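Naming: A, B, ... by sequence-line order, numbering from 1 per chain. Model, not experiment: these values are computed from the prediction.
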There are 2 protein chains.
Amino acid sequence: MAGDRPRVAPPQDVALIGRSTQQRATVLAALVTAEGFVSARALYNRLLNGGSPVGLSTVYRTLTALAAADRADVVRDTNGERLFRYRPGPDHRHYLICTECGLSLPVDSGPVEKWAERIARTSEFANVRHTVELAGVCPDCGRRHVRAP
Amino acid sequence: MAGDRPRVAPPQDVALIGRSTQQRATVLAALVTAEGFVSARALYNRLLNGGSPVGLSTVYRTLTALAAADRADVVRDTNGERLFRYRPGPDHRHYLICTECGLSLPVDSGPVEKWAERIARTSEFANVRHTVELAGVCPDCGRRHVRAP
DNA sequence: GATTGATATGAAAATCATTTCCATCTAGCG
DNA sequence: CGCTAGATGGAAATGATTTTCATATCAATC
């Protein structure tokens, strides 16, 4: 798009995951700029092309640390690859993700939260976590395809 | 446990995924016998120890085919490993899985189904699928642990 | 601003689940 | 029985992620 300003990551976010380094700032900024979910490799390539190369291991390390610090959401695509997404706030959300372009829309997850909570409460299980993923093809990507009947 | 009888898979299930072979029957039987979700490798080892070795590739091929034929549920554990579970009927279910022992309990997923359907309908996305996973520690496994405060 | 010790980096090697290759075997039809 | 498309399995390939380890850098201290 024409009018998107480069969004930079709040510097304190870098500090959250340890020492504040050039590379971490770069990776974080790239993650913030990315609109949907991105894979570590995609981010790595993006940085390469953008002229700010960061080692692949460092990209992985940074993303993993961000996820551990609840600064990023993580999902797995169908191939088992992990996709990361910057999360400004600490709130727990669920997304509808386009399987073609990675575009993600936050969805109203109230009902699922309540449902998951009820299951957790009525079960004897401890420490119940839940993952919910909605995936489909977004309108733009859908238009790009001729669909066989 | 002492009193579990060996459950065998309905023979027609083997035919569902192509030609009926000894190996496929073996894998399917082992999957049916397994109580919770199992990984391909776990199943492979089980067959090795049980004296009915089947090639690892064949185990993978069979499980993948079963999943494709809606004869098995598939989830991913935290390490990205795929876990399979035999599903007798064609109905779509969700489970509460124990992260320690793989024990799985089917849960009432009506509300999530409705929710997912509504999101799918109101979004512009096509072909919306959903995955829902509830994971925790089952009572038995919970008792086995001393928990730090 | 130099010293320094803990931390971070990155290239290459290691790991690990899963897939593919391919020579060989076998259902199952005629 | 004989045939052939489909199935098998061990080894090699793949691909994402992690580890290793020698080197570089942060940031607190002198």
Side-chain angles (χ1 to χ4, degrees), chain A residues 9 11-31 37-48 50-69 71-72 74-85 99 102, chain B residues 9 11-31 37-69 71-72 74-85 102:
Chain A
Q12 66 270 29
D13 276 12
V14 178
L16 270 182
I17 58 176
R19 203 133 83 186
S20 164
T21 69
Q22 181 59 55
Q23 289 89 334
R24 282 178 186 179
T26 306
V27 171
L28 184 47
L31 181 64
F37 280 87
V38 262
S39 69
R41 200 156 219 116
L43 219 45
Y44 170 76
N45 289 331
R46 209 170 287 194
L47 294 176
L48 261 191
S52 318
V54 172
L56 184 56
S57 344
T58 301
V59 172
Y60 270 107
R61 278 190 283 240
T62 306
L63 291 176
T64 304
L66 282 171
R71 238 59 204 177
V74 189
V75 301
R76 281 200 191 263
D77 71 4
T78 359
N79 311 314
E81 195 173 10
R82 264 157 35 183
L83 305 179
F84 300 82
R85 184 189 201 281
T99 53
Chain B
Q12 67 269 29
D13 275 13
V14 179
L16 269 183
I17 59 176
R19 199 186 264 172
S20 166
T21 69
Q22 181 60 53
Q23 289 89 332
R24 283 179 185 178
T26 306
V27 172
L28 184 47
L31 181 65
F37 280 86
V38 261
S39 69
R41 198 155 220 117
L43 219 46
Y44 171 76
N45 289 332
R46 208 169 288 194
L47 293 175
L48 261 191
N49 299 334
S52 318
V54 173
L56 184 56
S57 346
T58 301
V59 172
Y60 269 107
R61 277 190 284 242
T62 305
L63 291 176
T64 304
L66 282 170
R71 238 59 204 176
V74 190
V75 302
R76 280 199 194 264
D77 71 7
T78 356
N79 310 314
E81 194 173 11
R82 273 179 348 197
L83 305 178
F84 300 82
R85 184 191 201 280

Residue pair A:Arg71 / A:Leu31, side-chain heavy-atom distance below 4.5 Å: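 A:Arg71 vs A:Leu31: side chains apart.
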Touch class at under 4.0 angstrom, heavy-atom based, for B:Arg82 against every strand present: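 It contacts sugar-phosphate atoms only.
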Touch class at under 4.0 angstrom, heavy-atom based, for A:Arg41 against every strand present: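 Answer is base: heavy atoms of A:Arg41 come under 4.0 Å of a base.
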Set of residues satisfying side chain to side chain contact (heavy atoms under 4.5 Å, CB included) with respect to [X], sequence neighbours excluded:
X       : answer
A:Ala30 : A:Leu43, A:Leu47
A:Ile17 : A:Arg24, A:Thr62, A:Ala65, A:Leu66, A:Ala69
A:Arg61 : A:Ser57, A:Thr58
A:Glu81 : A:Ser39, A:Asp77

Residue pair [X] / [Y]: nearest heavy atoms and the distance that separates them:
X       : Y       : result
B:Val59 : B:Ala40 : CG1-O, 3.7 Å
B:Tyr44 : B:Leu56 : CE1-N, 3.5 Å
A:Ser52 : A:Thr26 : CB-CG2, 3.8 Å
B:Val74 : B:Ala67 : CG2-CB, 3.5 Å

First and last nucleotide of DNA chain C, 5' to 3', lying under 4.0 Å from heavy atoms of chain A: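 Contact span on the strand: C:dA6 to C:dA12.
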Of B:Thr21 and A:Arg19, the one whose closest DNA chain C nucleotide lies more 5':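 Residue closer to the 5' terminus by nearest nucleotide: A:Arg19.
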Residues touching DNA chain C, which here means a heavy atom under 4.0 Å, drawn from residues 52-61 of chain A: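 When residues 52-61 of chain A is checked for heavy atoms under 4.0 Å from DNA chain C, the hits, listed by number, are A:Val54, A:Gly55, A:Ser57, A:Thr58, A:Arg61.
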Partners meeting ring pair (Phe, Tyr, Trp, His ring centres under 6.0 Å) with A:Phe84 (sequence neighbours left out):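 Per chain and number, A:Phe84 pairs via ring pair (Phe, Tyr, Trp, His ring centres under 6.0 Å) with no residue.
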Positional range of nucleotides in DNA chain D within the contact set of chain B, heavy-atom, under 4.0 Å: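 First-to-last contact on DNA chain D, by the 4.0 Å heavy-atom rule, is D:dA5 to D:dA11.
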